[in-house]
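Before any comments, here is the structure.
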There are 2 protein chains.
Amino acid sequence: MSGSPSIGIGLIGCGTVGGGVAALLRDEADLYAGRLGQPVAIRRVLTRSGKACSDDRGPLFDTSQVTRDFDAFLATPDMPIVVEVAGGIDPVGGYVERAIKAGKHVVTANKSLLAARGPALFALARKHNVSIAFEASCAGGIPIITALQFGLMANRCEGLFAILNGTCNFILTQMTQLGESYTDALKEAQRLGYAEADPTLDVSGADAAQKLAILASLAFGVRVSGDAVACHGIDQLQLEDIRFGAELGYDVKLLAISERWPGEVGLSCNVMPCFISRKELLGQVHGAYNALVVRGHAVGQTMFYGRGAGRFPTASAVVSDILNVASGGYPIAFSHMHLTSDQAPHAQVIALDDLWSRFYIRIGALDIPGVMAKVTTILGHHGISLSAVLQHETNAGQVVPVVITTHEARLGDLIKALGEVEALDVIHGKPVWLRIVDLPDD
Amino acid sequence: MSGSPSIGIGLIGCGTVGGGVAALLRDEADLYAGRLGQPVAIRRVLTRSGKACSDDRGPLFDTSQVTRDFDAFLATPDMPIVVEVAGGIDPVGGYVERAIKAGKHVVTANKSLLAARGPALFALARKHNVSIAFEASCAGGIPIITALQFGLMANRCEGLFAILNGTCNFILTQMTQLGESYTDALKEAQRLGYAEADPTLDVSGADAAQKLAILASLAFGVRVSGDAVACHGIDQLQLEDIRFGAELGYDVKLLAISERWPGEVGLSCNVMPCFISRKELLGQVHGAYNALVVRGHAVGQTMFYGRGAGRFPTASAVVSDILNVASGGYPIAFSHMHLTSDQAPHAQVIALDDLWSRFYIRIGALDIPGVMAKVTTILGHHGISLSAVLQHETNAGQVVPVVITTHEARLGDLIKALGEVEALDVIHGKPVWLRIVDLPDD
């Protein structure tokens, strides 16, 4: 087998993930050559510095293979696959386009690029008779793209409920299990390398929104762009609500959710901190892990769990893609099947106000007679009915937190009602609301 | 697209799963034609009765398509894919062989056939330049074969820890959560259609052992036959042990486990009821579900969860296979990649006696001074050290259950030691042991 000609790879980027990819290709060369029937070899590496890369086992490739010049990189002979693990939209989007036009298959981990320009790139690849593999763009090492493209292909997807940001899940686990404040939990995440110095992309929910756009496009056979996903982050979340949720049997998770809207042509697509029952497996996913519940009309409920980030989990997805492209199987499937978003209609994403769900509400109410009557009257006017109320004993006349859970209600109506509730002079502070997610029964 | 020529399917068997496959192909014809770029159509159906099949929406195919005659079935023109959902080894194994020799791709849900003759059939398929797709043979609708073949291909598998029999998991959940006896829980499973009238194949662990043989072969790149998997069922399990386990924080699950043996070339392969911590996600899988923890050297710990049986979950896997074969992608991957067991060395499966693990032991001991000293002395002689002891207060002189958990020990030594313990005249009844499974940390 070592006598077979190798399949040439060009690598764009050699940071955390790129280094992991190069290390796997170096350290597991025999394993992969055995599985594929021929070796895979890095021919050229494009980096910003143009410098060689190494890890604790030595150099990741020959210094002579590194270049800063994209033209030189692209002109490398016998290099049918380009692996893009640099990230960002510019200049990388242009590199990917040029690689496709030059007849290269592309393996990419770039969620921002796909969320922004996926359909155009998929169409370009189809035109040039090459494929784009993108397992690493969502949920790190979890083979969810493979599952949606192949393993679950017989299904009409009905819903996708996912923890797609390990940083947020780590922070929320710290807050829930250790009672840490958001600020302290974020510091701990930064200390452990789970969060960036500027954590905005993660904690704002924007990262999860990009991934949801890619996954929902694939799962529902539509086009969803990243900016169509409504997005609330975790940075405003208060410990008090996590504690009240726990009393009610819920854990808080940053959930990316897309559901086919019953009786409508539309799709919901949003990312927000939600309460989910501790009895659900998804509610039991703790720490820096990702998990996705996929509900298909034939298969029912499935769940996929694993590390959503990190050098080797992500490299696992990239290298699996490389091998699948190199075998020729993935390119055939990519060109014959009509799965990617360039051939799909635009999704009709429903406005966030039109989301129907159960909700958790917390208000600060003066503990005097008649307050609850005023609040429930307002909620009732807006068609919101109560499921449960939680209020601990206190001294009369003080401000007490009152927690209310609702039956299914329209979010737009809830927000309007809470605006009116806030205006009552017996109410102190801004009312808080959180979605309560009930996974559909099988 | 409806103008494109259809891809012809021959269906062997039209029972629970076959009926589900035919119903999906009928009801979702447009969806599948859209995804594939051309329609899929059933050309011929082989059943034992030769009678037509229908469901509550009407006939599943034309009566004229049904035959009892395999020769007539195989001679059907324009039928490149044969779907085998009849089950059993004879006569179906012969049908599959003849279909392969006639140049048909085979999609099969037949775990017994693959566990017994997988390598020979894979080799035959390769010789005749066709593929065998078998997603439905293990874990029903969970796309675990797709994950192992493609999505996780960059990994060296280190361990597989799986709940592969939904019937057993349902029974164990009833026993654990409702305190039902094994007999009552089995009756309830039979009433709900989760268990057969003769439940032996399920409750003995034999069904899970066949699936483990298929999965371990694929995951570790070796040949494991079904009869190499050591197997203990759940039918001897006592409520008392489930309750003691719960006190220690464990739930009992019938786990199919295969691990690369540290420092050895061997592989462990066994199915037995095990205690697993309730803090593990796998310990939280309740009811008639399956779940698989796959540990890869690059990806770390992943888990896959869903329905492991039933008409539509299994049909989901079969139809996904049909579409992947029809696209041409799967056959290319099957022929180019060296993943299936026909090209792999035989696994060196370690003897069950050589299994190292932590264990739970329960003995009935006369509550008189010196008993524990005798028991622990025997255990110590066999190199077994204690981790914890649980004994509730009782009246002196009575027989009390004493529960011991051990540190890592060799099962063969444990069994020898328990034989000696049983022979003590202060011990009543047969000592019970159960494996305690600790999933490796990431």
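All values derive from a computational prediction rather than experimental measurement. Just so it is clear: chains get the letters A, B, ... in the order the sequence lines come, proteins before strands, and each one is counted from 1.
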Is there side-chain contact between B:Arg307 and A:Val299, with heavy atoms separated by less than 4.5 Å?
no
Testing A:Met337, A:Met153, A:His338 for side chain to side chain contact (heavy atoms under 4.5 Å, CB included) with B:Arg35, which one passes?
A:Met153
Sort A:Leu24 into side chain, backbone, both or neither according to what part of it lies under 4.5 angstrom from a heavy atom of chain B.
side chain
Region of A:Tyr32 that comes under 4.5 Å of a non-hydrogen atom in chain B:
side chain
In terms of heavy-atom proximity below 4.5 Å to chain A, should B:Arg156 be classed as side chain, backbone, both, or neither?
both
Given A:Arg311, A:Glu135, A:His297, A:Lys279, the one with more heavy-atom pairs under 4.5 angstrom with chain B than any other is A:His297
A:His286 portion near chain B, given a 4.5 angstrom heavy-atom threshold:
neither
Just wondering, do B:Glu28 and A:Asn155 contact through their side chains at under 4.5 Å, heavy atoms?
no
Using non-hydrogen atoms and a 4.5 Å limit, figure out which bit of A:Phe334 sits close to chain B: side chain, backbone, both or neither.
neither
Separation between CZ of A:Phe150 and CG of B:Asp321, rounded to the nearest 0.5 Å
12.5 Å
Quick one: OH on A:Tyr305 to CG on B:Leu281, what's the gap to the nearest 0.5 Å?
5.5 Å
For residues A:Ile332 and B:Ser327, report the shortest heavy-atom separation together with the two atoms involved.
CG2-O, 3.4 Å
